[in-house]
Amino acid sequence: MNNLRNKAISILQANDRGGYTVPTTSGLYPAQWNWDSCLVALGFAEYDEVRAWTEIETLFLGQWPDGMVPHIIFHGDDSSYFPNSAVWQGGPDKRSSGITQPPVAATVVRYLTNRFGIEQSRQHLEVLLPKLLKWHRWFYTARDPSGTGMAAIIHPWESGMDNSPIWDAALAAVPPGPSVAGMRKDTGFADVAVRPTSAEYDRYINLVITYRDADYDADKLFELAPFRVCDVGFNSILLRANKDLRFLLELTGDSAGVSDVDGMIEKSRAAIDACWDDTDQFYYSRNSLTGELIKKPGIAGLLPLYSDDSVASRHPELISRMKSWLAAVEVGVPSFEPGRPEFESKRYWRGPVWLVVNWMLLDGLKNNGYSELAESIRRSSVDIVAKSGFHEYFDPLSGEGLGGTDFSWTAAMVLFLSGMND
Ligand code: DGY
(Lines give C-alpha, C1' and ligand atoms only; values in the text may rest on other atoms or scores of the structure.)
Protein backbone atom coordinates (compact mmCIF):
# COMPACT_ATOMS: atom_id res chain seq x y z
CA MET A 1 0.00 0.00 0.00
CA ASN A 2 2.84 2.38 0.82
CA ASN A 3 4.25 1.99 -2.68
CA LEU A 4 0.89 2.82 -4.23
CA ARG A 5 0.47 5.87 -1.99
CA ASN A 6 3.99 7.06 -2.77
CA LYS A 7 3.35 6.70 -6.48
CA ALA A 8 0.08 8.67 -6.07
CA ILE A 9 1.98 11.47 -4.31
CA SER A 10 4.62 11.55 -7.03
CA ILE A 11 1.88 11.90 -9.69
CA LEU A 12 0.29 14.83 -7.86
CA GLN A 13 3.73 16.43 -7.52
CA ALA A 14 4.48 15.92 -11.22
CA ASN A 15 1.11 17.41 -12.23
CA ASP A 16 1.42 20.38 -9.85
CA ARG A 17 1.90 23.58 -11.85
CA GLY A 18 2.25 25.75 -8.75
CA GLY A 19 -1.09 26.53 -7.12
CA TYR A 20 -3.10 24.34 -9.43
CA THR A 21 -2.87 20.83 -10.81
CA VAL A 22 -3.31 19.66 -14.40
CA PRO A 23 -5.47 16.51 -14.65
CA THR A 24 -2.81 14.34 -16.32
CA THR A 25 0.88 14.22 -17.14
CA SER A 26 0.04 13.22 -20.71
CA GLY A 27 -0.81 16.70 -22.07
CA LEU A 28 -4.45 15.77 -22.78
CA TYR A 29 -5.76 18.47 -20.43
CA PRO A 30 -3.18 21.30 -20.02
CA ALA A 31 -5.18 23.58 -17.69
CA GLN A 32 -7.13 23.63 -14.42
CA TRP A 33 -10.42 21.76 -14.50
CA ASN A 34 -13.06 22.66 -11.94
CA TRP A 35 -14.24 19.38 -10.42
CA ASP A 36 -10.87 17.71 -11.03
CA SER A 37 -9.17 20.35 -8.90
CA CYS A 38 -11.65 20.12 -6.05
CA LEU A 39 -11.39 16.34 -5.90
CA VAL A 40 -7.60 16.49 -6.19
CA ALA A 41 -7.62 18.59 -3.00
CA LEU A 42 -8.89 15.49 -1.16
CA GLY A 43 -5.65 13.78 -2.17
CA PHE A 44 -3.44 16.73 -1.16
CA ALA A 45 -5.22 16.70 2.21
CA GLU A 46 -3.53 13.36 2.91
CA TYR A 47 -0.07 14.92 3.06
CA ASP A 48 -0.11 18.69 2.50
CA GLU A 49 -2.79 20.80 4.18
CA VAL A 50 -1.71 24.13 2.68
CA ARG A 51 -1.55 22.76 -0.84
CA ALA A 52 -5.07 21.31 -0.50
CA TRP A 53 -6.53 24.73 0.32
CA THR A 54 -4.49 26.46 -2.40
CA GLU A 55 -5.92 24.20 -5.10
CA ILE A 56 -9.46 25.40 -4.30
CA GLU A 57 -8.47 29.01 -3.74
CA THR A 58 -6.74 29.18 -7.14
CA LEU A 59 -9.88 27.81 -8.80
CA PHE A 60 -12.03 30.49 -7.18
CA LEU A 61 -9.68 33.25 -8.39
CA GLY A 62 -11.24 32.44 -11.77
CA GLN A 63 -14.82 33.01 -10.58
CA TRP A 64 -16.79 35.28 -12.88
CA PRO A 65 -18.39 38.51 -11.60
CA ASP A 66 -21.86 36.92 -11.93
CA GLY A 67 -20.83 34.05 -9.63
CA MET A 68 -20.19 31.27 -12.13
CA VAL A 69 -17.05 29.21 -11.61
CA PRO A 70 -15.86 28.07 -15.07
CA HIS A 71 -15.20 24.46 -15.91
CA ILE A 72 -11.68 25.27 -17.19
CA ILE A 73 -9.25 27.98 -16.11
CA PHE A 74 -6.36 28.37 -18.55
CA HIS A 75 -3.21 29.46 -16.75
CA GLY A 76 -0.37 28.75 -19.15
CA ASP A 77 0.38 27.34 -22.58
CA ASP A 78 -2.82 25.59 -23.70
CA SER A 79 -1.87 24.98 -27.33
CA SER A 80 -2.10 21.19 -26.93
CA TYR A 81 -5.83 21.43 -26.13
CA PHE A 82 -8.89 22.07 -28.27
CA PRO A 83 -10.96 24.14 -27.61
CA ASN A 84 -8.37 26.27 -25.80
CA SER A 85 -8.56 29.82 -24.41
CA ALA A 86 -8.32 31.36 -27.89
CA VAL A 87 -11.52 29.51 -28.84
CA TRP A 88 -13.44 29.95 -25.59
CA GLN A 89 -12.41 33.56 -24.78
CA GLY A 90 -14.39 33.33 -21.57
CA GLY A 91 -14.35 35.62 -18.55
CA PRO A 92 -13.05 39.13 -17.97
CA ASP A 93 -9.49 38.10 -18.89
CA LYS A 94 -10.45 35.66 -21.70
CA ARG A 95 -8.63 32.90 -19.86
CA SER A 96 -11.45 30.53 -19.07
CA SER A 97 -14.17 28.44 -20.63
CA GLY A 98 -17.72 29.81 -20.56
CA ILE A 99 -19.60 26.98 -18.86
CA THR A 100 -19.43 25.37 -15.43
CA GLN A 101 -19.03 21.87 -13.96
CA PRO A 102 -20.49 19.78 -11.09
CA PRO A 103 -20.20 21.86 -7.90
CA VAL A 104 -18.23 19.60 -5.58
CA ALA A 105 -16.24 22.47 -4.01
CA ALA A 106 -18.40 23.05 -0.91
CA THR A 107 -18.34 19.35 -0.08
CA VAL A 108 -14.55 19.28 -0.30
CA VAL A 109 -14.22 22.49 1.75
CA ARG A 110 -16.36 20.92 4.48
CA TYR A 111 -14.15 17.84 4.41
CA LEU A 112 -10.97 19.95 4.74
CA THR A 113 -12.51 21.92 7.61
CA ASN A 114 -13.45 18.75 9.48
CA ARG A 115 -10.05 17.27 8.89
CA PHE A 116 -7.93 20.26 9.87
CA GLY A 117 -10.23 21.87 12.44
CA ILE A 118 -12.16 25.12 12.43
CA GLU A 119 -9.38 27.25 13.90
CA GLN A 120 -6.88 26.24 11.21
CA SER A 121 -9.53 26.58 8.53
CA ARG A 122 -11.11 29.90 9.48
CA GLN A 123 -8.91 32.12 7.29
CA HIS A 124 -9.69 29.91 4.27
CA LEU A 125 -13.41 29.87 5.03
CA GLU A 126 -13.44 33.67 5.21
CA VAL A 127 -12.22 33.75 1.61
CA LEU A 128 -14.17 30.82 0.23
CA LEU A 129 -17.62 30.87 1.84
CA PRO A 130 -18.84 34.12 0.21
CA LYS A 131 -17.61 32.83 -3.15
CA LEU A 132 -19.29 29.46 -2.70
CA LEU A 133 -22.54 31.14 -1.71
CA LYS A 134 -22.38 33.36 -4.79
CA TRP A 135 -21.81 30.35 -7.06
CA HIS A 136 -24.65 28.37 -5.52
CA ARG A 137 -27.04 31.35 -5.84
CA TRP A 138 -26.06 31.61 -9.50
CA PHE A 139 -27.35 28.06 -10.14
CA TYR A 140 -30.80 28.99 -8.80
CA THR A 141 -31.06 32.20 -10.83
CA ALA A 142 -29.10 31.84 -14.09
CA ARG A 143 -29.93 28.16 -14.53
CA ASP A 144 -33.38 27.99 -13.02
CA PRO A 145 -35.05 31.32 -13.69
CA SER A 146 -38.56 29.98 -13.13
CA GLY A 147 -37.71 28.34 -9.80
CA THR A 148 -38.32 24.67 -10.61
CA GLY A 149 -35.59 23.50 -8.20
CA MET A 150 -33.51 21.91 -11.00
CA ALA A 151 -30.48 23.85 -12.29
CA ALA A 152 -30.16 23.20 -16.03
CA ILE A 153 -26.94 22.29 -17.77
CA ILE A 154 -26.49 23.79 -21.24
CA HIS A 155 -23.56 21.68 -22.46
CA PRO A 156 -22.83 17.97 -21.91
CA TRP A 157 -19.40 19.06 -20.60
CA GLU A 158 -21.14 20.75 -17.68
CA SER A 159 -22.35 17.36 -16.46
CA GLY A 160 -18.74 16.17 -16.26
CA MET A 161 -20.03 12.98 -17.94
CA ASP A 162 -19.48 14.34 -21.43
CA ASN A 163 -20.67 11.57 -23.75
CA SER A 164 -23.05 9.67 -21.48
CA PRO A 165 -25.84 8.03 -23.51
CA ILE A 166 -28.19 10.15 -21.36
CA TRP A 167 -27.39 13.16 -23.60
CA ASP A 168 -27.59 11.37 -26.96
CA ALA A 169 -31.03 12.55 -28.09
CA ALA A 170 -30.70 16.07 -26.66
CA LEU A 171 -27.28 16.47 -28.32
CA ALA A 172 -28.47 15.01 -31.64
CA ALA A 173 -31.01 17.85 -31.79
CA VAL A 174 -28.14 20.41 -31.75
CA PRO A 175 -27.02 21.44 -35.25
CA PRO A 176 -23.51 20.02 -35.84
CA GLY A 177 -21.91 23.20 -37.21
CA PRO A 178 -18.72 22.88 -39.30
CA SER A 179 -16.70 19.71 -38.81
CA VAL A 180 -13.93 20.10 -36.22
CA ALA A 181 -12.52 16.57 -36.56
CA GLY A 182 -9.23 17.94 -37.93
CA MET A 183 -8.85 20.37 -35.02
CA ARG A 184 -9.22 17.83 -32.23
CA LYS A 185 -6.10 17.33 -30.13
CA ASP A 186 -7.45 14.77 -27.64
CA THR A 187 -7.07 11.88 -30.07
CA GLY A 188 -3.34 12.60 -30.23
CA PHE A 189 -3.11 11.66 -26.54
CA ALA A 190 -5.74 8.93 -26.19
CA ASP A 191 -7.07 6.23 -28.51
CA VAL A 192 -9.91 7.58 -30.64
CA ALA A 193 -11.98 4.50 -29.65
CA VAL A 194 -12.09 5.57 -26.00
CA ARG A 195 -13.00 9.22 -26.63
CA PRO A 196 -16.26 10.91 -27.72
CA THR A 197 -17.01 10.69 -31.45
CA SER A 198 -16.42 13.46 -33.98
CA ALA A 199 -20.20 13.81 -34.50
CA GLU A 200 -20.37 14.66 -30.79
CA TYR A 201 -17.40 17.04 -31.02
CA ASP A 202 -18.96 19.00 -33.88
CA ARG A 203 -21.97 19.66 -31.67
CA TYR A 204 -19.89 20.35 -28.55
CA ILE A 205 -18.03 23.06 -30.45
CA ASN A 206 -21.14 24.46 -32.04
CA LEU A 207 -22.52 24.98 -28.53
CA VAL A 208 -19.28 26.73 -27.50
CA ILE A 209 -19.51 29.10 -30.47
CA THR A 210 -23.20 29.79 -29.88
CA TYR A 211 -22.56 30.78 -26.26
CA ARG A 212 -19.42 32.77 -27.08
CA ASP A 213 -21.33 34.70 -29.73
CA ALA A 214 -23.91 35.60 -27.07
CA ASP A 215 -21.07 36.97 -24.90
CA TYR A 216 -21.82 34.28 -22.32
CA ASP A 217 -24.60 36.51 -21.05
CA ALA A 218 -26.29 34.21 -18.50
CA ASP A 219 -29.66 35.93 -18.94
CA LYS A 220 -29.66 35.11 -22.64
CA LEU A 221 -28.04 31.67 -22.54
CA PHE A 222 -30.83 29.91 -20.69
CA GLU A 223 -33.32 30.93 -23.40
CA LEU A 224 -31.16 30.42 -26.47
CA ALA A 225 -29.42 27.17 -25.46
CA PRO A 226 -30.03 24.46 -28.09
CA PHE A 227 -29.09 21.89 -25.41
CA ARG A 228 -30.76 22.26 -22.02
CA VAL A 229 -31.10 19.37 -19.63
CA CYS A 230 -32.00 18.95 -15.96
CA ASP A 231 -29.37 16.39 -14.99
CA VAL A 232 -30.31 14.41 -11.89
CA GLY A 233 -26.62 13.65 -11.21
CA PHE A 234 -25.51 17.27 -11.40
CA ASN A 235 -28.41 18.39 -9.19
CA SER A 236 -27.70 15.67 -6.64
CA ILE A 237 -24.13 16.94 -6.41
CA LEU A 238 -25.51 20.46 -5.99
CA LEU A 239 -27.94 19.37 -3.26
CA ARG A 240 -25.17 17.63 -1.36
CA ALA A 241 -22.93 20.69 -1.77
CA ASN A 242 -25.73 22.90 -0.42
CA LYS A 243 -25.99 20.75 2.69
CA ASP A 244 -22.23 20.99 3.21
CA LEU A 245 -22.25 24.73 2.59
CA ARG A 246 -25.10 25.13 5.09
CA PHE A 247 -23.03 23.26 7.70
CA LEU A 248 -20.09 25.62 7.16
CA LEU A 249 -22.23 28.77 7.23
CA GLU A 250 -23.78 27.65 10.49
CA LEU A 251 -20.34 26.90 11.90
CA THR A 252 -19.19 30.42 11.10
CA GLY A 253 -22.39 32.08 12.34
CA ASP A 254 -23.74 33.32 8.99
CA SER A 255 -27.46 33.00 9.68
CA ALA A 256 -28.54 34.96 6.58
CA GLY A 257 -26.47 32.58 4.45
CA VAL A 258 -27.99 29.59 6.24
CA SER A 259 -31.54 30.67 5.53
CA ASP A 260 -30.66 31.37 1.90
CA VAL A 261 -29.20 27.88 1.48
CA ASP A 262 -32.16 26.32 3.32
CA GLY A 263 -34.38 27.62 0.52
CA MET A 264 -32.09 26.06 -2.09
CA ILE A 265 -32.05 22.72 -0.26
CA GLU A 266 -35.81 22.58 -0.01
CA LYS A 267 -36.27 23.30 -3.72
CA SER A 268 -33.63 20.82 -4.88
CA ARG A 269 -34.84 18.03 -2.62
CA ALA A 270 -38.40 18.22 -3.98
CA ALA A 271 -37.22 18.49 -7.59
CA ILE A 272 -34.88 15.48 -7.31
CA ASP A 273 -37.62 13.40 -5.68
CA ALA A 274 -39.75 14.19 -8.73
CA CYS A 275 -37.10 12.60 -10.99
CA TRP A 276 -37.97 9.14 -9.58
CA ASP A 277 -39.77 7.10 -12.22
CA ASP A 278 -42.16 4.64 -10.60
CA THR A 279 -42.51 2.52 -13.71
CA ASP A 280 -38.79 1.88 -14.20
CA GLN A 281 -37.84 2.35 -10.53
CA PHE A 282 -34.95 4.66 -11.38
CA TYR A 283 -33.98 8.34 -11.21
CA TYR A 284 -33.96 9.99 -14.61
CA SER A 285 -32.86 13.35 -15.99
CA ARG A 286 -35.24 15.50 -17.98
CA ASN A 287 -34.80 17.34 -21.28
CA SER A 288 -35.65 20.87 -20.23
CA LEU A 289 -36.40 21.95 -23.84
CA THR A 290 -38.93 19.21 -24.62
CA GLY A 291 -40.03 18.40 -21.06
CA GLU A 292 -39.37 14.69 -21.69
CA LEU A 293 -37.95 12.33 -19.10
CA ILE A 294 -34.74 10.79 -20.46
CA LYS A 295 -35.22 7.10 -19.78
CA LYS A 296 -31.56 6.06 -19.88
CA PRO A 297 -30.10 4.30 -16.84
CA GLY A 298 -26.76 6.04 -16.34
CA ILE A 299 -24.74 6.43 -13.18
CA ALA A 300 -26.21 9.93 -12.68
CA GLY A 301 -29.41 8.14 -11.62
CA LEU A 302 -27.58 6.55 -8.67
CA LEU A 303 -26.22 9.86 -7.35
CA PRO A 304 -29.32 10.80 -5.31
CA LEU A 305 -27.78 8.33 -2.82
CA TYR A 306 -24.93 10.83 -2.37
CA SER A 307 -27.20 13.76 -1.64
CA ASP A 308 -29.85 12.17 0.55
CA ASP A 309 -29.48 9.49 3.23
CA SER A 310 -33.15 8.46 3.02
CA VAL A 311 -33.03 7.36 -0.63
CA ALA A 312 -32.24 3.68 -0.03
CA SER A 313 -35.02 3.26 2.51
CA ARG A 314 -37.53 4.96 0.23
CA HIS A 315 -36.29 3.20 -2.92
CA PRO A 316 -34.55 -0.08 -2.03
CA GLU A 317 -34.93 -1.05 -5.71
CA LEU A 318 -32.10 1.38 -6.47
CA ILE A 319 -29.69 -0.69 -4.39
CA SER A 320 -30.81 -3.93 -6.08
CA ARG A 321 -30.30 -2.25 -9.42
CA MET A 322 -26.78 -1.16 -8.52
CA LYS A 323 -26.00 -4.69 -7.34
CA SER A 324 -27.21 -6.09 -10.67
CA TRP A 325 -24.83 -3.71 -12.49
CA LEU A 326 -21.97 -4.86 -10.26
CA ALA A 327 -22.81 -8.52 -10.87
CA ALA A 328 -22.50 -7.95 -14.62
CA VAL A 329 -18.95 -6.54 -14.53
CA GLU A 330 -15.48 -7.40 -13.35
CA VAL A 331 -14.90 -3.98 -11.75
CA GLY A 332 -17.54 -1.47 -10.70
CA VAL A 333 -19.23 0.86 -10.80
CA PRO A 334 -19.92 1.10 -14.57
CA SER A 335 -21.04 4.54 -15.71
CA PHE A 336 -23.92 3.12 -17.72
CA GLU A 337 -26.09 0.05 -17.26
CA PRO A 338 -24.30 -3.01 -18.67
CA GLY A 339 -26.19 -4.97 -21.30
CA ARG A 340 -27.95 -1.92 -22.76
CA PRO A 341 -27.35 -1.27 -26.48
CA GLU A 342 -25.65 2.07 -25.71
CA PHE A 343 -23.21 0.52 -23.21
CA GLU A 344 -19.59 0.66 -24.43
CA SER A 345 -17.08 -0.62 -21.92
CA LYS A 346 -14.16 1.48 -23.22
CA ARG A 347 -15.70 4.74 -24.40
CA TYR A 348 -15.34 7.47 -21.76
CA TRP A 349 -18.71 7.91 -19.95
CA ARG A 350 -20.64 5.24 -21.86
CA GLY A 351 -19.60 2.41 -19.54
CA PRO A 352 -16.12 2.89 -17.99
CA VAL A 353 -15.49 3.12 -14.25
CA TRP A 354 -14.44 6.48 -12.75
CA LEU A 355 -13.01 6.51 -9.24
CA VAL A 356 -14.37 9.93 -8.34
CA VAL A 357 -17.94 8.75 -8.89
CA ASN A 358 -17.14 5.57 -6.98
CA TRP A 359 -16.24 7.78 -4.02
CA MET A 360 -19.54 9.67 -4.24
CA LEU A 361 -21.47 6.41 -4.41
CA LEU A 362 -19.65 4.73 -1.57
CA ASP A 363 -20.07 7.82 0.59
CA GLY A 364 -23.79 7.84 -0.23
CA LEU A 365 -24.10 4.11 0.43
CA LYS A 366 -22.49 4.52 3.86
CA ASN A 367 -24.83 7.37 4.75
CA ASN A 368 -27.77 5.27 3.56
CA GLY A 369 -26.74 2.36 5.83
CA TYR A 370 -25.01 0.12 3.26
CA SER A 371 -21.51 0.05 4.72
CA GLU A 372 -20.58 -3.38 3.39
CA LEU A 373 -21.39 -2.52 -0.20
CA ALA A 374 -19.56 0.79 0.26
CA GLU A 375 -16.50 -1.01 1.58
CA SER A 376 -16.39 -3.43 -1.35
CA ILE A 377 -16.47 -0.50 -3.81
CA ARG A 378 -13.73 1.26 -1.84
CA ARG A 379 -11.49 -1.78 -1.91
CA SER A 380 -12.03 -2.59 -5.58
CA SER A 381 -11.36 1.06 -6.49
CA VAL A 382 -7.92 0.94 -4.89
CA ASP A 383 -7.24 -2.57 -6.20
CA ILE A 384 -7.93 -1.67 -9.82
CA VAL A 385 -5.28 1.05 -9.69
CA ALA A 386 -2.79 -1.34 -8.09
CA LYS A 387 -3.48 -3.76 -10.95
CA SER A 388 -3.88 -1.46 -13.96
CA GLY A 389 -2.19 1.83 -13.07
CA PHE A 390 -3.27 5.43 -12.44
CA HIS A 391 -5.48 5.81 -15.50
CA GLU A 392 -8.24 8.30 -16.15
CA TYR A 393 -10.91 5.53 -16.23
CA PHE A 394 -11.19 1.74 -16.44
CA ASP A 395 -12.97 -0.84 -18.57
CA PRO A 396 -15.51 -2.47 -16.22
CA LEU A 397 -15.44 -5.77 -18.14
CA SER A 398 -11.66 -6.30 -18.24
CA GLY A 399 -10.26 -3.84 -15.71
CA GLU A 400 -7.98 -2.33 -18.40
CA GLY A 401 -6.84 1.25 -17.72
CA LEU A 402 -7.97 3.80 -20.35
CA GLY A 403 -7.66 7.47 -21.35
CA GLY A 404 -5.00 9.73 -19.81
CA THR A 405 -2.18 8.24 -17.75
CA ASP A 406 -0.77 9.32 -14.36
CA PHE A 407 -4.10 10.94 -13.71
CA SER A 408 -4.39 13.43 -10.85
CA TRP A 409 -7.88 12.62 -9.62
CA THR A 410 -7.20 8.89 -9.75
CA ALA A 411 -4.06 9.48 -7.65
CA ALA A 412 -6.06 11.67 -5.27
CA MET A 413 -8.75 9.02 -4.88
CA VAL A 414 -6.17 6.34 -4.14
CA LEU A 415 -4.72 8.49 -1.36
CA PHE A 416 -8.14 9.46 -0.03
CA LEU A 417 -9.78 6.04 -0.23
CA SER A 418 -6.79 4.05 1.01
CA GLY A 419 -6.46 6.53 3.89
CA MET A 420 -9.97 5.61 5.04
CA ASN A 421 -9.35 2.09 6.34
CA ASP A 422 -6.17 0.37 5.22
C1 DGY B 1 -12.60 17.18 -22.58
O2 DGY B 1 -11.95 17.98 -23.24
O3 DGY B 1 -12.73 15.99 -22.86
C4 DGY B 1 -13.20 17.63 -21.32
O5 DGY B 1 -13.87 16.61 -20.66
C6 DGY B 1 -14.12 18.78 -21.53
O7 DGY B 1 -14.27 19.39 -20.31
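As the structure lists them, so they are numbered: ligands from 1, and atoms in each ligand from 1.
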Based purely on interatomic distance, does W157 place a nitrogen or oxygen under 3.5 Å from a nitrogen or oxygen of ligand 1?
no
Near-ring test F416/W359, centroid separation under 6.0 angstrom:
yes
With respect to Q101, determine whether any N or O atom, backbone or side chain, lies less than 3.5 Å from an N or O atom of ligand 1.
no
Who's the nearest protein heavy-atom neighbour of atom 7 (O) of ligand 1, and how far?
H71 NE2, 2.8 Å
Could you check whether Y81 and W33 have their ring centres less than 6.0 Å apart?
yes
Could you work out, for atom 6 (C) of ligand 1, the closest of W35, Y81, Y29 by heavy-atom distance?
Y81
Is the backbone N or O of D144 less than 3.5 Å from a side-chain atom of T148, with the two atoms forming a donor-acceptor pair by type?
no
Pair E337, W325 - check side chain to side chain contact (heavy atoms under 4.5 Å, CB included), show working.
CA-CA 6 Å; E337 184 159 77; W325 291 19; 2.5 Å; yes
Are the ring centres of F139 and F234 closer than 6.0 Å?
yes
Of all protein heavy atoms, the one nearest atom 3 (O) of ligand 1 is R195 NH2, 2.8 Å
Distance under 6.0 Å and angle within 45° of ring axis: R350 vs F336
no
Checking heavy atoms under 4.0 Å, the part of F82 that sits near ligand 1 is neither
Say whether D162 and ligand 1 are in contact under the criterion: heavy-atom distance to a ligand atom below 4.0 Å.
yes
Say whether Y204 and ligand 1 are in contact under the criterion: heavy-atom distance to a ligand atom below 4.0 Å.
no
